[in-house]
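Take a look at the structure set out below.
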There are 2 protein chains.
Amino acid sequence: MATDDLMTRALEMVGDDGPLSVEVIHSLTDLADVHESMTIAEVADLLDITPHTLRYYERAGLVEVARDSQGHRVYDAAAVRRLVFLTRMRLSGMPMRDLQHYIALVDAGQDTVPERLDMLLEHRDIIRRRIRELTLSLAATEYKIATYGGSTGPDVAALDTAADL
Amino acid sequence: MATDDLMTRALEMVGDDGPLSVEVIHSLTDLADVHESMTIAEVADLLDITPHTLRYYERAGLVEVARDSQGHRVYDAAAVRRLVFLTRMRLSGMPMRDLQHYIALVDAGQDTVPERLDMLLEHRDIIRRRIRELTLSLAATEYKIATYGGSTGPDVAALDTAADL
DNA sequence: CTATGGCTTTGAGCGCGCGCGAACGCAAAC
DNA sequence: GTTTGCGTTCGCGCGCGCTCAAAGCCATAG
């Protein structure tokens with residue numbers, strides 16, 4: 001089950017404007033198919049990213065992955081959990097640099113918990129602002145759709161900032 | 001007044017979960033300070049982009065701009081309206097290529113209205129999906145914040161997909 | 001028993017979208 | 001006169017990954 005499927009199912013559960021329940025959150029982290037010792041292809045499929053990207057994350061120092069006797073990567077549950085978190089943050093726009101910083105904090109021990117929390121709070125605000133920006137853009141787009149070729153009277157045309165578009 | 005200011009004001013008007021009224025849309029398109037014959041600096045300030053970006057858009061064929069006797073760009077109201085639309089679409093994630101296509105349709109005349117409408121509808125769906133993705137990411141982030149260093153009991157830790165993060 | 005295709009590894013290099021910077025010139029304004 | 005603002009062009013940079021190359025292991029197929 002790819003992450004994209006998870007997202008799609010979760011979105012369906014949420015509906016267009018339903019409340020976000022704890023169940024939805026957990027559905028995103030449905031790790032029923034996360035067993036110990038996953039291959040790179042399995043993890044890639046789970047997270048809906050390419051094996052290349054997984055190797056890229058590893059080189060970036062975001063996660064350490066053991067190798068088997070053939071030198072192939074073996075992802076344990078902890079690595080997968082971390083990657084779930086990382087991909088989720090990436091999806092919400094956190095840049096690689098911040099993720100690297102965050103992981104460095106994690107690896108530095110419990111003393112860095114407050115700073116990690118600060119990062120999460122700041123990221124939360126960024127997401128909120130982005131959602132509101134998009135909400136406005138959505139409204140503008142819908143407004144444009146509604147007035148497009150509809151009533152093209154002078155009033156509407158005058159209000160439309162781009163009547164000729 | 002920069003577009004960012006407009007956005008900020010509009011966001012304040014909207015509040016955290018207020019309805020999006022027509023007034024809000026119009027506030028985004030408050031063109032009180034759009035007079036005829038604006039300079040590139042004025043337009044850049046209005047749209048909160050750099051003059052460089054404006055020249056880039058012009059080179060990309062998105063807008064035609066007249067010149068004065070000194071060869072300096074002179075933006076008329078129509079150009080500014082188009083740029084308002086373009087920057088709004090950019091802000092909501094429409095790629096340059098699509099904007100170029102859209103503008104080509106606009107310049108091709110009224111026969112292309114249906115296709116333009118299709119583009120807007122598709123873009124609307126993209127924005128909607130993006131908003132829902134971000135909403136889920138926001139919920140996940142808030143969930144993580146809530147459980148971070150709070151009750152670190154075994155139950156919560158077991159539910160947390162990245163308890164060690 | 002080979003072979004053919006598919007997975008993996010590493011490393012380096014490429015590409016895209018979107019502008020930004022640097023360099024240089026010209027005209028107006030202080 | 002020198003500072004300011006605009007013009008143009010060429011090239012660079014960044015974020016994020018993908019592609020390509022060379023090579024090895026495994027399975028299924030002829």
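Letters A, B, ... are given to chains in the order of the sequence lines, protein chains preceding strands, and every chain is numbered from 1. Nothing here was measured: the structure is a model prediction, and the numbers come from that model.
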Where the side chain of A:R73 is defined as all heavy atoms beyond and including C-beta, which of D:dG7, C:dC20, C:dT9 is the nearest nucleotide? C:dT9
Is the distance from OP1 or OP2 of C:dC18 to the nearest side-chain N or O of B:T53 less than 4.0 Å? no
Rounded to whole Å, OH of B:Y56 lies from P of D:dC10 at a distance of 16 Å
Mind calculating the distance between CZ (A:R67) and P (C:dC7) to the nearest angstrom? 19 Å
For the pair made of CG in B:L62 and C1' in C:dC18, what is the distance, rounded to whole Å? 12 Å
Picking from D:dG15, C:dC20, D:dT19, the nucleotide nearest the side-chain atoms of B:T50 would be C:dC20
Can you name the one residue among A:L86, A:V80, A:V84 that meets side-chain contact (heavy atoms from CB on, under 4.5 Å) with A:R82? A:L86
A:H52 has an atom NE2; how far is it from atom P of C:dT8, in whole Å? 10 Å
Does A:H72 reach a base, just sugar-phosphate, or nothing at all? Heavy atoms under 4.0 Å. sugar-phosphate
In whole angstroms, how far is the C1' atom of D:dG7 from the OH atom of B:Y75? 12 Å
For the pair made of CZ in A:R59 and C1' in C:dT10, what is the distance, rounded to whole Å? 9 Å
So what does A:I40 touch, heavy atoms closer than 4.0 Å: a base, only the sugar-phosphate, or nothing? sugar-phosphate
Looking for any heavy atom pair under 4.0 Å, which part of the strands does B:R55 touch: base, sugar-phosphate only, or nothing? base
By nearest atom, which of the nucleotides C:dG19, D:dC16, D:dC26 is closest to the A:Q70 side chain? D:dC26
A:R67 to A:V74 - nearest heavy-atom pair and separation: C-CG2, 4.2 Å
Does a side-chain N-to-carboxylate-O contact under 4.0 Å join A:R55 and A:E58? no
Answer yes or no: is there a donor N or O on one side and an acceptor on the other, between the side chain of A:Q100 and the main chain of A:A60, under 3.5 Å? yes
Let me know the distance between CG of B:D68 and P of C:dA28, rounded to the nearest Å. 10 Å
Kindly say if B:Y57 contacts the phosphate of C:dG19, meaning a side-chain N or O under 4.0 Å from OP1 or OP2. yes
For DNA chain C, whose closest nucleotide is more 5', that of B:P51 or that of B:R97? B:R97
Can you tell me how far C1' of C:dC18 sits from CE of B:M94, to the nearest Å? 16 Å
Any A:R90 side-chain nitrogen or oxygen under 4.0 Å from OP1 or OP2 of D:dG17: yes
Under-4.0 Å salt bridge between A:R130 and B:E133: no
